[in-house]
Amino acid sequence: MDSTGTESSTGTGAEKDKAAVGLTKATTAPTPAPTPAEAPDIQSHDTFVIKKALSLTAGEYVVSVARPDGSEGEPVAYAREKRLSLRGQVTVYTDASRKSVLAAFKGRDHEVGYMYDVRDASGQSFGSFYEDAGASFLRRTWQVRQPGTMKLTGRECSRVVAFVRFVWEFVPYLEYVPFIWPYRFKYTESGKPLMTVTKKLGLHTRYVLEILAPDIDRRLAIAHTLALDALEVD
């Protein structure tokens, strides 16, 4: 009360502190929840090196941007193949911690055999591929689909190497020996080359993916390149 008998508006020091705390709680925005790691900027790159690491527990791959001399540059993705998966299952991550998914594919029954849908972290499909069994008798042939954009046909370039690879798989015990000779797939649409995948010579499994069309989703291209190794016996 003041001298006039009315209640004072200033209040005590303790009352001021309580009011200040209440005001702070009311006006301060809550701390936002952490967001998933952003995918690396792979769409701006055209050439990648995909190398398979030696592992006893799973098929491990490192995807790097290729330097001008063709060597491995900055890693942009890491992949793991699920062992003992009859339909083939590979997950691609944005970093070595494998906490954020960039893409994943798994086979499903289809009239063409197995269809592989490539999905993002939310499970949304953004492309697919399958082996064209009828055309793969002499040279392995794949169909890669990117909805609303393009339909690619990928075929081994060398008939001779394709035949040797075919025989290699049926020779006892050779299925456990890596096929060290290089081979190459060329992907076209209406006869126009849009992408190539080249397996390099050597005991270590190493591929070079070169993309010639800016509209090709790099995630789809990388996933399919991984499938060439994970789904075939070399």
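Every heavy atom of this structure was used, including side-chain atoms; hydrogens, water molecules and symmetry mates were not.
- Between Y187 and I216, the closest side-chain pair of non-hydrogen atoms is not below 4.5 Å.
- A pairwise comparison of heavy atoms in A223 and V118 identifies CB-CG1, 3.9 Å as the closest pair.
- Here the OG1-NZ distance, from T188 to K151, works out to 14.0 Å after rounding to the nearest 0.5 Å.
- Between S64 and P75, the shortest heavy-atom distance links the atoms OG-CA, 3.8 Å.
- Ion pairing between a basic and an acidic side chain is recognised when a charged N comes within 4.0 Å of a carboxylate O; D69 and R67 show no such pairing.
- H224 pairs with exactly one of F105, F185, W142, Y130 by the ring pair (Phe, Tyr, Trp, His ring centres under 6.0 Å) rule, that one being W142.
- The closest donor-acceptor contact from the side chain of E74 to the backbone of V65 lies at 3.5 Å or more, if one exists at all.
- Between the side chain of R80 and the main chain of T91, no donor-acceptor pair closer than 3.5 Å is present.
- The two atoms that bring T47 and V208 nearest to each other are CG2-CG1, 3.9 Å, heavy atoms only.
- In this structure, R139 CZ and S158 OG are separated by 8.5 Å, a value rounded to the nearest 0.5 Å.
- Clustering ILVMFWY residues whenever any of their side-chain heavy atoms sit less than 4.5 angstrom apart, transitively, puts Y78 in a cluster other than the one holding I222.
- Closest heavy-atom contact between V101 and Y93: CG2-CE2, 4.0 Å.
- A continuous path of ILVMFWY side-chain contacts below 4.5 Å connects I211 to I42, so both sit in one hydrophobic cluster.
- Remark: side-chain polar atoms of Q146 are not paired, donor with acceptor, to backbone N or O of G127 under 3.5 angstrom.
- Between the CE atom in M195 and the CG atom in L220 there is a gap of 7.5 Å [rounded to 0.5 Å].
- Residues Q43 and D217 are in side-chain contact: their nearest non-hydrogen atoms beyond the backbone lie under 4.5 Å apart.
- Here CD1 of I50 is found 5.0 Å from CG of L226. Values are rounded to the nearest 0.5 Å.
- For the pair R219/L102, a side-chain contact is recorded, criterion being any heavy-atom separation below 4.5 Å from C-beta on.
- From R184, atom CZ reaches atom NZ of K186 across 7.0 Å, with rounding to the nearest 0.5 Å.
- The two residues S71 and V49 have their closest heavy-atom pair at O-CG2, 4.2 Å.
- Counting heavy atoms from C-beta on, the side chains of S125 and R119 come closer than 4.5 Å.
- Taking the six-membered ring where the residue is Trp, the centroids of F129 and Y116 are separated by under 6.0 Å.
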**V63/T225 under side chain to side chain contact (heavy atoms under 4.5 Å, CB included): CA gap, chis, key distance, verdict** = CA-CA 10 Å; V63 182; T225 304; over 6 Å; no
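- The two residues R206 and G70 have their closest heavy-atom pair at NH2-O, 3.1 Å.
- Put simply, the side chain of E210 reaches to within 4.5 Å of the side chain of T196, judged on heavy atoms.
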**Request:** Would you sort out whether E189 and T153 count as a side-chain hydrogen bond (donor to acceptor under 3.5 Å, both in side chains), showing the intermediate values?
**Result:** CA-CA 6 Å; E189 183 180 49; T153 298; over 6 Å; no
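- To the nearest 0.5 Å, atom CE of residue M115 and atom CZ of residue R145 are 8.0 Å apart.
- Remark: R218 fails to qualify as a cation-pi partner of F48 under the 6.0 Å distance and 45° angle criteria applied to the six-membered ring.
- A salt bridge links R98 to E60: one of the charged nitrogens lies within less than 4.0 Å of a carboxylate oxygen.
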